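Note sheet for the following structure.
In the text below, chain A, chain B and the rest are named by the order of the sequence lines, each starting its count at 1. The figures that follow rest on heavy atoms only: side chains count, while hydrogens, waters and symmetry mates do not. In this text the structure is predicted, and so the values were computed from the model without any measurement.
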Amino acid sequence: MPFAPESRALYSRLRRWFAKHARPLPWRGQTDPYRIWVSEVMLVQTTVAVGIKRYPRFLKRFPTLRSLARATLDDVMKEWEGLGYYHRARYLHQAARIIQDQYGGVFPSEYDEIRALPGVGDYVAAAVSNFCFGTRVPAIDANVARVGARLFGITGGVRNGPVRAKVYRELSKLMTVGNGAIWTDALIEVGALICSPRSPGCPSCPLTQNCRAFEKGHPDKYGMPEARTPRSEVQVACGIIRRGDGKILIAQRLETGLLPGLWEFPGGKQQAREALAETCRREIEEELAIEVRIGRKRMVVRHAYSHYTVRLHVFDCVYLSGRPRKIGCQNWRWVRPTELHALAFPSANRAIIEAIGGIPTENSQS
DNA sequence: TAGTCGTGGAC
DNA sequence: TGTCCAAGACT
């Protein structure tokens, strides 16, 4: 155990710092695996500020594993609306049913069982195991990867597999003492509050005396992500399709790909040398096999996704003929504007819903 | 391995 | 306004 003395001192400083500076967060200090699991999945690539708002609401809607397992997927998607990365909600629902069916409703306690649940990767499995089942497994999220790379003086982009493997190895050596939950929580908190990507606050960091990057004088030269590929812009057209009784036609997206299972105003991407009104007409025909007359452009919505940005050109349309068919969508529905609030829509559609007199969903607004 | 998958907050 | 990024997982 060559690292034990150093580990103990480091852990001790970390634990004391955490006890004094940790933010009070709604999921902090809990040990119910269902609640911890929900928090970890919700916080994947999601800011703490958003989590603080949405986590309590999710638990109020689905207080227990059983309630989540018994819910319809549509209800879960509605609750997840605005959080993004919607496959997380689908996996959450799936996994709840697996635990209900295969584990008698009792959350599995072995790391390998937790890791095998859909939507649970190395990080979430380690975190749940440490917070709820007393283990000491390095849980490497973006914070811990950055803190670890600096602490151990590991060069290279932190999203890089080999770099993360080194952090894992070194952290395993340190985590032979102390409490795994505190290790995990405290390392993440150091990354969030002190060891930030751009300007690490070394003077107030509990790890400074052990930090190789600090020792070398350039902490910000370590633990940085590799550059991201630039985003392109795509033109999209969609239609507010009305018929005589005032109802509007909406479609439910396919279960795979972008925004799986969410509802939307029918439309799609512009092709080369195509007028946007024609894009709108063509996409609606291809998706639903109906004919519409394209009216005036109602609005343009700009929206940024992970890998590209879109300009969404919204046209007023009049329904002409044909019974809608599920060709490029998994479902469709004629609804009154006041019914839209019950269904999950992408955030980019919020302005459209508001414009046509639907009740705007209050998700993620400040 | 590298691309895909959203969104809002911070600056 | 633009850019970066967050308690990653999956294919």
Notebook entry, point to check: Of all of residues 31-46 of chain A, which get a heavy atom below 4.0 angstrom from DNA chain B, listed by number?
Noted result: A/Gln45, A/Thr46
Notebook entry, point to check: Just how far, in rounded Å, is P of B/dG9 from NE2 of A/His303?
Noted result: 13 Å
Notebook entry, point to check: Base, sugar-phosphate, or nothing: which does A/Leu83 touch, judged by heavy atoms less than 4.0 Å apart?
Noted result: base
Next item on the list: Provide the full list of ring pair (Phe, Tyr, Trp, His ring centres under 6.0 Å) pairs with a residue in residues 107-129 of chain A, sequence neighbours left out, each pair given once.
Entry: A/Trp37-A/Phe107
Check: For the side chain of A/Arg146 and the backbone of A/Gly191, is there at least one donor-acceptor N/O pair under 3.5 Å apart?
Finding: yes
Check: Can you check whether A/Ile36's main-chain N or O pairs, donor with acceptor, with A/Gln30's side chain at less than 3.5 Å?
Finding: no
Checklist line | Residues from residues 121-147 of chain A lying under 4.0 Å of DNA chain B - heavy atoms | finding: none
Check: Has the side chain of A/Arg253 got a donor or acceptor atom that lies under 3.5 Å from a matching backbone atom of A/Leu258?
Finding: yes
For residues 292-300 of chain A, which side-chain N or O atoms pair as donor and acceptor with protein atoms under 3.5 Å away, sequence neighbours left out?
unit_1   : atom_1 : unit_2   : atom_2 : d
A/Lys297 : NZ     : A/His313 : ND1    : 2.9
A/Arg298 : NH1    : A/Asp316 : OD1    : 3.0
A/Arg298 : NH2    : A/Ala355 : O      : 3.2

Next item on the list: At the 4.0 Å heavy-atom cut-off to chain A, mark where contacts on DNA chain C begin and end, going 5' to 3'.
Entry: C/dG2 to C/dC10
Next item on the list: Specify the separation, in whole Å, of atom NE2 of A/His307 and atom P of B/dG6.
Entry: 11 Å
Notebook entry, point to check: Reckon A/Arg159 touches a base, only the sugar-phosphate, or nothing at all at heavy-atom distances under 4.0 Å?
Noted result: base
Check: Roughly, in whole Å, what's the span from CZ in A/Arg231 to C1' in B/dG3?
Finding: 15 Å
Next item on the list: Have a look at A/Gly51 and say if it touches a base, only the backbone sugar-phosphate, or nothing, with a 4.0 Å heavy-atom cut-off.
Entry: nothing
Check: Using links of under 4.5 Å between side-chain heavy atoms of ILVMFWY residues, direct or through other members, which residues join A/Met224 in one cluster?
Finding: none
Notebook entry, point to check: Between B/dG8, B/dG6, B/dT4, which nucleotide gets closest to the side-chain atoms of A/Leu259?
Noted result: B/dG6
Next item on the list: Just compare B/dT1, B/dC5, B/dG9 and give me whichever is closest to any side-chain atom of A/Thr47.
Entry: B/dG9
Item checked: Geometric class of the A/Tyr85/A/His87 ring pair [parallel <30°, tilted 30-60°, perpendicular >60°] -> tilted
Note to self: With a 4.0 Å limit, can you tell me whether A/Lys53 has a side-chain N or O closer than that to the phosphate oxygens OP1/OP2 of B/dG8?
What the structure shows: no
